[in-house]
Amino acid sequence: MDGWEPTEATTYEYDEGGRLVRSVTVREPEWSDMDRAWMAALTGYRNSLCPCGCGHLAEHTTAHESDGRRFVVPPPVRCRARTALAIAQAQNDNPQSEALLWRVERR
């Protein structure tokens, strides 16, 4: 995940007098065929998800036979970090509080 630098090679052409007349630089592509295939697959997967953000495939959530009885909603689980953040934000009385950048840290 540190990234990489594509290799590059420059070829110089000179005339009979030794003057540079042309230089050509060839760079290694930053994306391999496999990289492009993975990104195309990821794009296809993301495009197949329901646009409402539920995380399910659109073909399942929008099918007429999926009238709501094919899905179950388990009880919610509380995110304690988000709870602490909501409490802190509710207690905040700073002006322009929407401009504050909040974060939650574990003790």
So, Asp35 side chain and Ser32 main chain: donor-acceptor pair closer than 3.5 Å or not?
yes
Can you run down the salt bridge (Lys or Arg N to Asp or Glu O under 4.0 Å) pairs that involve residues 36-47, sequence neighbours left out, and say none if there aren't any?
Asp33-Arg36
Can you tell me how far the CD atom of Glu5 sits from the CD atom of Glu30, to the nearest 0.5 Å?
8.0 Å
From Arg80 CZ over to Arg82 CZ, what is the distance, rounded to the nearest 0.5 angstrom?
14.0 Å
Within a reach of under 6.0 Å around CD of Glu8, are more than 12 heavy atoms found that belong to other residues, nucleotides or ligands?
yes
Working to the nearest 0.5 angstrom, can you tell me the gap between Glu13 CD and Thr11 OG1?
8.0 Å
Got a second to check how far Ile87's CD1 is from Asn92's CG, nearest 0.5 Å?
14.0 Å
On a heavy-atom basis, the closest approach of Ser23 and Tyr12 is CB-CD2, 3.5 Å
Cluster check Tyr14, Val24: I/L/V/M/F/W/Y, side chain < 4.5 angstrom
no
Rounded to the nearest 0.5 Å, what separation is found between the CG atom of Leu85 and the CZ atom of Arg103?
12.0 Å
Would the distance check show the side chain of Glu28 and the main-chain N or O of Thr7 forming a donor-acceptor pair, the cut-off being under 3.5 Å?
yes
Counting C-beta onward and ignoring hydrogens, is there a side-chain heavy-atom pair between Leu57 and Leu49 closer than 4.5 Å?
yes
Test: ring-ring contact (aromatic ring centres under 6.0 Å, His included). Region: residues 27-58. Which pairs qualify, not counting sequence neighbours?
His56-Phe71
On a heavy-atom basis, which atom in Cys54 and which in Thr61 lie closest, and how many Å separate them?
SG-CG2, 3.9 Å
